[in-house]
Amino acid sequence: MSRIINPYNFLRWDDLGNGPADVTSDLPNAYIRDSSRCGYKPVIKHAESMRFYINVELGTVWINDTNIKLRLVKASNGAVTNSNVATLNKNNFTNTASVVTFNYYAEVTLADTVPEGDYYFEIYGDTKTWVRSNTVQVVGVNNSILSATCLFTFRDDTNFYGVRYNDLSSFTQQYRLHFNMIDAQEETNLEVYAEVTSGKRRTFNSKLDLVKTLESYYFDAASHLAAIVMFAHSSLVINGRTYIKKDAYKESPNPTSKLTKGSINLYDQGFASINRCS
């Protein structure tokens, strides 16, 4: 039985039956009517990087082959589009059992010679295919889909949810995802005092923030978990602007569908830094 080895991330990997099945503790969401629908697919734009880290909690030696590569496969027919689409880098470390092991990370950039469509990644060696990712959607630079997506770049100051950022000082994860802004409002914090001579209220200090509400497209449950973790990172850049979360990411379960929307309120850090009276 297969298992997912890369949870809480937008690019998840199935080990194709190479290990014991995970024990799930998911709460039921009954009356699923669209069980045949596929899960959420991140977008890869031509000439734009997707950067991922396989966040196995304690590292792994399950791919200790002699010639490991990452290939891109057409989802519709299983045809290999590129047999060595990006370099697989090893993050070597000693795990809690004092065993030297590693996780993989990579940066994938696709040329415009890769036709638009649905694909998945496989990590394979001389002996077998080891793991397979969920589906991704490859689009050209002029595809109208892009207007409904945002480019998310994020990392943390610590080792976070199995991603060993402390070992990789310059590494950031990066995904293009279906999020849209559905609301924006100002939030003002005033320090006010009463003037002694007139009794009028005067502003001593003012801090003006811009809060933007992002809403996801229809995500599966695993993608909502990935979004929760992504927004908890200490560094979050969306389309080149820096944000920090204001409150919790919210998902609204729907008993008639396994794909639902989520939302979160974010502070625009760039706006806050230049709009301050002191």
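Any value given below was found using the heavy atoms of this structure, including those in side chains, with hydrogens, waters and symmetry copies removed.
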Notebook entry, point to check: Rounded to the nearest 0.5 Å, how far does CD1 of I182 lie from NZ of K212?
Noted result: 13.5 Å

Margin query: Using every non-hydrogen atom in the two residues, find where P42 and N134 come nearest and quote the distance to one decimal.
Written below: CD-ND2, 3.9 Å

Item checked: Side-chain donor-acceptor contact under 3.5 Å, D126 with T66 -> yes

Margin query: Pairing donors with acceptors under 3.5 angstrom, does anything connect the side chains of Q174 and T153?
Written below: yes

Next item on the list: State plainly whether one hydrophobic cluster holds both F102 and L70, where clusters connect Ile, Leu, Val, Met, Phe, Trp and Tyr through side-chain heavy atoms under 4.5 angstrom apart.
Entry: yes

Next item on the list: Give the ring-plane orientation class for Y217 versus H178, where under 30° counts as parallel, over 60° as perpendicular and anything between as tilted.
Entry: tilted

Margin query: Is there a path of hydrophobic side-chain contacts, each under 4.5 Å between heavy atoms, that joins L168 and Y175?
Written below: yes

Check: When rounded to the nearest 0.5 angstrom, what is the spacing between CG in N166 and CG in N159?
Finding: 4.0 Å

Notebook entry, point to check: Within a strict 4.5 Å, meaning less than it, do heavy atoms of the I238 and L214 side chains meet?
Noted result: yes

Notebook entry, point to check: Okay, side chain of R176, backbone of V43: is any donor-acceptor separation there less than 3.5 Å?
Noted result: no

Item checked: pair L88-K69: side-chain heavy atoms closer than 4.5 Å -> no

Checklist line | V108 and F52, any side-chain heavy atoms less than 4.5 Å apart | finding: yes

Next item on the list: Find out if a path of hydrophobic residues (ILVMFWY) with successive side-chain heavy-atom gaps under 4.5 Å connects I228 to Y8.
Entry: yes

Notebook entry, point to check: Do V114 and I44 pass the side-chain contact (heavy atoms from CB on, under 4.5 Å) test, and can you show the C-alpha distance, the side-chain angles, and the key distance before you say yes or no?
Noted result: CA-CA 11 Å; V114 178; I44 301 182; over 6 Å; no

Item checked: Aromatic plane relationship, H224 with F219 - under 30° parallel, 30 to 60° tilted, over 60° perpendicular -> tilted

Notebook entry, point to check: Under 6.0 Å from the CZ atom of F171, do we count more than 12 heavy atoms belonging to anything else shown?
Noted result: yes

Check: L266, M181: one ILVMFWY side-chain cluster at the under-4.5 Å cut-off?
Finding: yes

Notebook entry, point to check: Centre of Y267's six-membered ring, under 6.0 Å away, within 45 degrees of the axis: is that where NZ or CZ of K245 sits?
Noted result: no

Next item on the list: Take K90 and Y104 through the test side-chain contact (heavy atoms from CB on, under 4.5 Å) and record every step on the way to the result.
Entry: CA-CA 5 Å; K90 281 185 179 181; Y104 279 121; 3.6 Å; yes

Next item on the list: Determine, step by step, whether T101 and F93 satisfy the side-chain contact (heavy atoms from CB on, under 4.5 Å) criterion, reporting the C-alpha distance in whole Å, the side-chain angles of both residues, the deciding distance to 0.1 Å, and the verdict.
Entry: CA-CA 6 Å; T101 183; F93 61 96; 4.1 Å; yes

Next item on the list: Please determine which of D15, L16, I5, I68 meets the side chain to side chain contact (heavy atoms under 4.5 Å, CB included) test together with W130.
Entry: I68

Margin query: How long is the straight-line distance from CZ of R71 back to CD1 of I123, given to the nearest 0.5 Å?
Written below: 11.0 Å

Margin query: Restricting to non-hydrogen atoms, name the atom on S223 and the atom on Y40 that form the minimum distance, rounded to 0.1 Å.
Written below: OG-CB, 3.5 Å

Checklist line | Backbone of P7 reached by a side-chain donor or acceptor of N55 within 3.5 Å | finding: yes

Next item on the list: Return the minimal non-hydrogen interatomic distance between Y165 and R155, and the atom names on each side.
Entry: O-NH2, 3.3 Å

Check: Does a side-chain heavy-atom distance below 4.5 Å link D118 with Q137?
Finding: yes

Checklist line | Output field: ring centroids Y119/F121 closer than 6.0 Å | finding: no

Next item on the list: Mark yes or no for whether D156, through its side chain, and S234, through its backbone, hold a donor-acceptor pair below 3.5 Å.
Entry: yes

Notebook entry, point to check: What distance separates T129 OG1 from I63 CD1, expressed to the nearest 0.5 Å?
Noted result: 10.5 Å

Note to self: If you compare all heavy atoms of T260 against all heavy atoms of S216, which two are closest, and at what distance to 0.1 Å?
What the structure shows: O-OG, 4.3 Å

Check: Around N142, counting heavy atoms of other residues, nucleotides and ligands shown, do more than 12 lie under 6.0 Å from its CG?
Finding: no

Checklist line | Shared hydrophobic cluster, L177 / M50 (ILVMFWY, side-chain heavy atoms < 4.5 Å) | finding: yes

Margin query: How close do L210 and E186 get, counting heavy atoms only, and between which atoms?
Written below: CD1-N, 4.4 Å

Checklist line | Sub-4.5 Å side-chain heavy-atom contact between E215 and N180 | finding: no

Checklist line | Audit row: D112, V141, side-chain contact (heavy atoms from CB on, under 4.5 Å) steps and yes/no | finding: CA-CA 9 Å; D112 57 10; V141 296; over 6 Å; no

Checklist line | Nearest heavy atoms of I145 and N143, plus distance in Å | finding: N-OD1, 2.9 Å

Check: Donor-acceptor pair, E116 side chain versus G140 backbone, under 3.5 Å?
Finding: yes

Next item on the list: Determine whether the side chains of N9 and Y53 contain a donor N or O and an acceptor N or O closer than 3.5 Å.
Entry: no

Notebook entry, point to check: Side-chain contact, heavy-atom cut-off 4.5 Å: D268 with Y243?
Noted result: yes

Check: Is a donor on one side and an acceptor on the other found under 3.5 Å between the side chain of N239 and the backbone of L151?
Finding: yes

Next item on the list: Take the angle between the ring planes of Y249 and F231 and call it parallel below 30°, perpendicular above 60°, tilted in between.
Entry: parallel

Notebook entry, point to check: Are F10 and F152 close enough that some pair of their side-chain heavy atoms sits under 4.5 Å apart?
Noted result: no

Distance-only criterion, 3.5 Å: show the donor-acceptor pairs between side-chain atoms of residues 74-84 and protein atoms not counting sequence neighbours.
| unit_1 | atom_1 | unit_2 | atom_2 | d |
| --- | --- | --- | --- | --- |
| N77 | OD1 | A79 | N | 3.0 |
| N82 | OD1 | N84 | N | 2.9 |
| N82 | OD1 | V85 | N | 3.3 |

Next item on the list: Please round to the nearest 0.5 Å and tell me the distance separating atom CG of D65 and atom OG1 of T127.
Entry: 4.0 Å

Check: Who are the salt bridge (charged side-chain N to carboxylate O under 4.0 Å, His left out) partners of K250, not counting sequence neighbours?
Finding: none

Checklist line | Distance in Å, I244 CD1 paired with L236 CG, rounded so as to fall on 0.5 Å steps | finding: 9.0 Å

Notebook entry, point to check: Within a strict 4.5 Å, meaning less than it, do heavy atoms of the N89 and N91 side chains meet?
Noted result: no

Next item on the list: Tell me, please, which residues at least two apart from Y120 pass ring-ring contact (aromatic ring centres under 6.0 Å, His included).
Entry: none

